[in-house]
> 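Starting off with a structure, shown below.
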Amino acid sequence: MRFMLWLLIFLLVSRVKAVHLQSLNATEVNQTVDSTFQEEDKPAMKKGEYLAIVLTLSMVLLIILWRCMYHVNRVRHGQSYANPGQRSAAYERSVLRDLERARERQFQREEAERAIGLGHLGCGCGMHAFDTPRCPPPAYVKTPRRSQYASVDLNTLPVLGYMDKPLATEPPQYSRRKPKEALPYLMKALEDRRNLDAILEFAFLAPTKDESVEILEEGVARGKRILLTEWLGPKAFDDDGDCVGHFWGRLETRPYMRVMQALSRMYFETEKHSKAAEIQIEMLRLCPGDNMGVRQGLGSSLIRVKRYADALSFAQVWLDTFDDGSSPPRGGTLFKEPKKTLFTETQETKLSKYCTGELIHTAALASFKLFGDCPQSQQYLRIASKVNPHILVRILGRVTRPTEPNRYPRSMNGPEEAHDYLWISQDLWETEDAWNWANTNPDARATLLKTCSRGGCGVKETSIAQFKRCAACRTVSYCSVECQKLDWKRHKPSCLERQRLAAQIKLFSKPMKDPKGKK
C-alpha cells in the first residue's frame, strides 16, 4: 500500500514538472482583455503557487483513496465498527462459503479415488483425521443436507448392532458436545470399508467402554485383512517380510496402527492389562522405532501383570540405546534376562539430564519389585528423581491421581509428561512397599526436598511437597506467605510471562469455533 502511494506521488510530480517545462518553451498567446477584468485587477498566478496547489490536491486525493482502501480491507477481515470484538456479517458469510467449497472439493476428490479403485485407507471423518484418540474433534461442522444421507441403510454399515443404541452422553474418550451431529458424517465415512479412522471415531461414541472395545477389535481385524489381501500382500505381518520393522514408513498402515493404539488404551481403561500388553508388544514388533510412543506405557502394563523381569529388560534395552539414538530389535520386546550392572558415573550424569522419565521410573519400580532395595534399584530411583521430579513429588505428596491424559502440548520431562505417566502408573507406586521404599530413599529425598525460592531465606522442606507453590506459574515454592510477598517484585516478570505462554498454548490447543459463536 505504501509503495503504491509513493509511486503515485512520483508520477504526479513528474507530470507537473513536464507540463511546467512545456509552458516555458511555448509561445506567448494573445489574451483578450475584457473591460471589466483588467490585467491590473487580477494578477497572474505564479508558477510556484500553481505547482503547490496541484500537489496539495493530489495528496488529498491520495489520502481519500487510502482511507477507502483501509475501510474496505477492514470489512473484508471481519472487523466490525459497532463492536470491534465481533466479526462482521460479510466475514461470516465468506468463511461459511470457503468452508463449503473446501468440503465440496474434498468430497469430489474422495469420489474420484473410489471411481478409479484407489480408495482411501483411513482418510478420517470428513476433512479431518486424528492421529491419536486423545485429539479433540473439529468443533465446527456444518450440518449436511438431508438428501446427502437419505440413502444410507443403517443395517448395511460395517459396524453392526450399535447404531440403534443411544449414543454416549460422555464417551470414554472425551466429551462430545454434539455427538448426534457427528453421526451423519460417520455414516457416510463408514460406507468405505477401508476407512478405519471412521471406525475409531465411531467406537468412542459407543454407550459403554466394553462396546467400544468390541468395535475397535472389529476394526483391528478388518484392517489386518485389508493390509494382507489388498495393500501389502500375504507376508505383511511375517518377520521375514519387507514390512515388519518399518511399518510406520508405509502410509497404508497408519490407520491400522492408530486403531491398535486406541484398542490398547481401551484395554487399559477396562482393566484388561494382559491384552493391552499384547497389543503394545505387537505394535513394537511391527514398528521398532516406536513412532507412536508405545514404550511409554508398555513397561507399566507389564508391571501390572507381574512380568517384572520383562519390564526391567524392556526398560534396560531402551536405556542402553540412549547414547546412539538407535532402536532396539523388535522395539525391545525380546525380553532377555535383565542385567544387574550399574551405570558408570558418566552414564548416570547423562541419563539424569536427557533420558525419558517414563522409562527410568519403569526400570526403578521393576528392579525394586524383582530384586528389592538393591544398589541398582537405588541408582534408578536417584536418576528418576532428577530426570522428572514432578512424578515422585506427586506420588510422595499423595496428590490425587489424574483421571484422564493430558490434552495440551508437552515438553520433554515436563509436568505434562509426568501427568500422563501418573495417569497410567501412579497406583503402582502407591502400594505400601513401593511408596515406603521411595519415601525413605535418601538420594531421592535430597533431590526432591525444595528450598524456599526467596533469596536469602534458605529454609528447606522437611517432607515432600511441604511448601506451597505459586498458584499462577507453579514453578517456585515458598515456606510462608510472607516470603512469597517479599519475593513478588523479583518473581512477577517471570510469573506473568509464564502465564502468558500457558494461556497461548491452551488457546492454540482449543478447537476452532463456529464463526457465529456456536461450538
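Counting begins at 1 with the first residue of the sequence. Source: prediction; values computed, not measured.
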> With no hydrogens and no angle check, do the side chains of Asp433 and Thr431 hold a donor and an acceptor under 3.5 Å apart?
yes

> Between Trp429 and Tyr421, is any side-chain donor less than 3.5 angstrom from a side-chain acceptor?
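Short answer, yes.
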
> Please check this pair: side chain of Thr253 against backbone of Phe247, looking for a donor-acceptor N/O pair closer than 3.5 Å.
yes

> Look only at the side chain of Gln426 and the backbone of Val399, and say whether a donor-acceptor pair between them is shorter than 3.5 Å.
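Flag set: sc Gln426 to bb Val399 pair under 3.5 Å.
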
> With ring pair (Phe, Tyr, Trp, His ring centres under 6.0 Å) as the test, would you mind laying out the steps for Phe322 and Phe343 before giving the verdict?
CA-CA 13 Å; Phe322 166 73; Phe343 293 117; 9.7 Å; no

> Are side-chain N/O atoms of Gln316 and Tyr380 paired as donor and acceptor at under 3.5 Å?
yes

> I want to check a possible cation-pi pair here: Arg250 against Tyr256, using under 6.0 Å from ring centre and within 45° of the ring axis as the test.
no

> Per the side-chain hydrogen bond (donor to acceptor under 3.5 Å, both in side chains) rule, which among Glu278, Arg307, Gln280 passes with Ser301?
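Checked Glu278, Arg307, Gln280 against Ser301; only one passes side-chain hydrogen bond (donor to acceptor under 3.5 Å, both in side chains): Gln280.
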
> Are more than 12 heavy atoms from other residues, nucleotides or ligands located less than 6.0 Å from atom CG of Asp242?
no

> Salt bridge (charged side-chain N to carboxylate O under 4.0 Å, His left out) between Arg304 and Glu271: does it pass, once the steps are laid out?
CA-CA 10 Å; Arg304 287 186 181 278; Glu271 299 183 355; over 6 Å; no

> Out of curiosity, Leu342 CG to Gln347 CD, how far, rounded to the nearest 0.5 Å?
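It is 10.5 Å, given to the nearest 0.5 Å.
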
> What distance separates Cys483 SG from Lys468 NZ, expressed to the nearest 0.5 Å?
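Taking SG in Cys483 and NZ in Lys468, the distance rounds to 15.5 Å.
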
> Donor-acceptor pair, Ser425 side chain versus Leu428 backbone, under 3.5 Å?
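Checking the backbone N and O of Leu428 against the side chain of Ser425, no donor-acceptor pair under 3.5 Å is found.
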
> Quiz question: by atom type and distance under 3.5 Å, do the side chains of Gln378 and Asp373 form a donor-acceptor pair?
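There is such a pair (donor and acceptor under 3.5 Å, judged by atom type) between the side chains of Gln378 and Asp373.
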
> So, for Tyr478 and Phe467, which heavy atoms are closest and what is the spacing to 0.1 Å?
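In terms of heavy atoms, the two residues are closest at O-CB, 3.4 Å.
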
> Enter the distance from His390:NE2 to Ser385:OG here, rounded to the nearest 0.5 Å.
12.5 Å

> Examine distances only and state if a side-chain atom of Asp420 and a backbone atom of Pro405 form a donor-acceptor pair shorter than 3.5 Å.
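Answer holds: no.
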
> Verify, without hydrogens or angle tests, whether Asp238 (side chain) and Asp240 (backbone) share a donor-acceptor contact under 3.5 angstrom.
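Judged by distance alone, no pair lies under 3.5 Å.
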
> Once rounded to the nearest 0.5 Å, what's the spacing between atom CD of Gln296 and atom OG1 of Thr362?
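That separation rounds to 10.0 Å.
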
> Looking only at the side chains, is there a donor atom on one of Arg445 and Asn439 sitting less than 3.5 Å from an acceptor on the other?
yes

> Glu230 and salt bridge (charged side-chain N to carboxylate O under 4.0 Å, His left out): which partner among Arg193, Lys224, Arg222?
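The option that passes is Arg193.
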
> So does Leu232 get a backbone contact from the side chain of Glu252, meaning a donor-acceptor N/O pair under 3.5 Å?
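A pair under 3.5 Å: no.
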
> Could you report the tightest heavy-atom contact between Pro402 and Leu422, atom names first, then the distance?
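It is CD-CB, 3.9 Å.
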
> Any chance you could measure Ser480, atom OG, to Leu486, atom CG, to the nearest 0.5 Å?
8.0 Å

> Is Lys450 salt-bridged to Glu461, cutoff N-O under 4.0 Å?
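The answer is no: the pair does not qualify as a salt bridge.
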
